[in-house]
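Remarks on the structure that follows.
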Number of protein chains: 2
Amino acid sequence: MSCTPRLTQLLRLRGFRMTPQRLAILQALHDGGHLSPGQVYKRVAQTGMMETTVYRTLDFLAENGILFVTNRAKGHLAYELARASHHHLVCRTCGAQVDLEREALQPLVDQLFQRTGYRLDVGHFTFSGLCPVCLPDSE
Amino acid sequence: MSCTPRLTQLLRLRGFRMTPQRLAILQALHDGGHLSPGQVYKRVAQTGMMETTVYRTLDFLAENGILFVTNRAKGHLAYELARASHHHLVCRTCGAQVDLEREALQPLVDQLFQRTGYRLDVGHFTFSGLCPVCLPDSE
DNA sequence: TTCCTTATTGCAATTATTATCAATAACAAT
DNA sequence: ATTGTTATTGATAATAATTGCAATAAGGAA
Ligand SMILES: [Mn+2]
Ligand SMILES: [Mn+2]
Ligand SMILES: [Zn+2]
Ligand SMILES: [Zn+2]
């Protein structure tokens with residue numbers, strides 16, 4: 001990947017280290033898009049890395065802003081390489097998805113700030129809903 | 001609880017049954033507010049009920065609209081007795097919370113509908129952010 | 001290159017969550 | 001009250017996720 005030298009530097013500046021395990025996991029996410037810990041493990045199992053390392057590493061990389069995390073259905077997490085801030089809107093019936101640019105949540109951020117003084121963390125949301133196709137069928 | 005006859009009827013109309021286990025779990029949530037499955041289990045363990053029953057029952061009651069579920073930190077779920085639709089905004093630094101009435105998300109619902117044609121499911125969100133006290137400290 | 005420090009991993013043990021299936025008990029009908 | 005149907009639970013196994021610690025290795029310094 002083209003970004004590995006940059007990420008290596010980023011970690012070193014913070015006193016952390018780049019490792020073959022972290023590189024393998026980054027590669028898996030580079031190839032796979034949004035993946036659960038189990039899916040990541042399947043893609044790196046060949047290297048002999050432990051599954052516990054996958055969990056730890058995903059959490060670590062997300063903590064350092066190198067990965068995005070999102071809460072998928074029923075409390076399950078999915079990770080992806082951090083890129084332009086965005087969110088997802090997925091149809092609960094047919095699974096169709098659309099992406100939302102970061103700015104789509106700015107009105108909510110502003111409104112919550114006005115109402116409560118809280119500044120919303122705009123991370124990487126996955127919203128559920130009904131797509132235009134399924135919406136009419138629902139009732 | 002005062003609502004148990006109504007809930008019993010609700011379940012029967014759908015072909016389900018009220019049981020001592022379900023009543024105990026409802027009581028625990030009545031007393032405890034927002035609880036994780038483990039916290040619910042602690043409160044009903046005295047009855048001898050299995051922990052697996054707690055998980056199943058929480059999922060079942062939420063599926064039937066009797067409980068609200070929400071995604072708390074790192075993919076962990078919390079349940080509460082369904083009441084007036086609302087959401088939560090919690091400070092990621094000090095943990096301070098404010099509640100949001102259902103209408104607080106209506107602008108987002110409308111905006112997403114306009115932009116994408118998707119109708120957002122407005123369930124029971126827990127948003128993270130910085131409270132007015134912690135906000136200035138964050139640089 | 002070699003040596004040190006210590007961040008990181010492997011490994012094993014816990015804990016959390018889900019799945020299976022036979023035994024139980026709600027509750028509707030008699 | 002008794003019976004029959006079957007939703008529900010207990011019990012156990014399987015799977016997912018977390019934790020603790022000793023062994024390993026990244027990478028800065030000599
Ligand atoms: Mn994404
Ligand atoms: Mn709530
Ligand atoms: Zn759809
Ligand atoms: Zn705060």
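Here is how names work: the chains are called A, B, and so on, in the same order as the sequence lines, proteins then strands, and each is numbered from 1.
Taking both residues in full, the closest heavy atoms of B:L35 and B:G32 are given as CD2-O, 3.6 Å, listed atom of the first, atom of the second, then distance. Of all the heavy atoms in B:M49 and B:A24, the pair that sits closest is CE-CB, 4.0 Å. When all heavy atoms of B:C91 and A:Y118 are compared, the pair lying nearest together is N-CE2, 3.8 Å.
With sequence neighbours left out, A:S128 forms a side-chain hydrogen bond (donor to acceptor under 3.5 Å, both in side chains) with B:D121. Partners of B:Q27 under the side-chain hydrogen bond (donor to acceptor under 3.5 Å, both in side chains) rule, at least two apart in sequence or in another chain, are B:D31. When the ring pair (Phe, Tyr, Trp, His ring centres under 6.0 Å) test is applied to B:F125, the partners found at least two apart in sequence or on another chain are A:F127, B:H87, B:F127. Partners of A:Q9 by side chain to side chain contact (heavy atoms under 4.5 Å, CB included), not counting sequence neighbours, listed by chain and number: A:R12.
The side chain of A:R12 sits closest to D:dG28 out of C:dT8, C:dT9, D:dG28.
A heavy atom lying under 4.0 Å from DNA chain C marks the following residues of residues 14-46 of chain B, by number: B:R17, B:M18, B:P20. The stretch residues 65-79 of chain B has no heavy atom under 4.0 Å from DNA chain D, so no residue of it qualifies as close.
The stretch residues 43-65 of chain B participates, sequence neighbours left out, in no salt bridge (Lys or Arg N to Asp or Glu O under 4.0 Å) pair at all. For residues 5-28 of chain A, the ring-ring contact (aromatic ring centres under 6.0 Å, His included) pairs, not counting sequence neighbours, are A:F16-A:F60.
Distances shorter than 4.0 Å separate some side-chain N or O of B:T53 from OP1 or OP2 on D:dG10.
Rounded to 10 degrees, the angle between the two end axes of the helix from C:dT1-D:dA30 to C:dT30-D:dA1 is 30°, with five pairs used at each end.
The nearest whole Å value for the distance from the CG atom in B:N64 to the P atom in D:dA7 is 13 Å. Between B:Y55 atom OH and D:dA17 atom P the separation is 12 Å, expressed in whole Å. In this structure, A:L11 places its CG atom 14 Å from P of D:dA26, rounding to the nearest Å. Remark: P of C:dC27 and CG of B:L13 are 12 Å apart, rounded to the nearest angstrom.
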Heteroatom pairs (N/O) under 3.5 angstrom, protein to nucleotides 19-22 of chain D:
from   : atom 1 : to    : atom 2 : distance (Å)
D:dT19 : O4     : A:T52 : OG1    : 2.9
D:dG20 : O6     : A:R56 : NH1    : 3.3

Indicate every side-chain donor-acceptor pair of residues 72-80 of chain B with a distance under 3.5 Å to a residue at least two apart or in another chain.
from  : atom 1 : to     : atom 2 : distance (Å)
B:E80 : OE1    : B:H34  : NE2    : 3.2
B:E80 : OE1    : B:R83  : NE     : 3.2
B:E80 : OE1    : B:R83  : NH2    : 3.3
B:E80 : OE2    : B:H34  : NE2    : 3.0
B:E80 : OE2    : B:H86  : NE2    : 2.8
B:E80 : OE2    : B:H124 : NE2    : 2.8

Would you tabulate the side-chain donor-acceptor contacts of residues 96-103 of chain B under 3.5 Å, counting partners in other chains and residues two or more places apart, or write 'none'?
from   : atom 1 : to     : atom 2 : distance (Å)
B:D99  : OD1    : B:H88  : ND1    : 2.9
B:E101 : OE2    : A:R115 : NH1    : 2.5
B:R102 : NH1    : B:S85  : OG     : 3.1

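When atom types are taken as modelled, the side chain of B:T47 and the backbone of B:V44 share a donor-acceptor pair closer than 3.5 angstrom.
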* I would like to know whether A:D110 and A:Q106 meet side chain to side chain donor-acceptor pair (under 3.5 Å); could you show each step before the answer? => CA-CA 6 Å; A:D110 295 339; A:Q106 196 55 47; 3.0 Å; yes
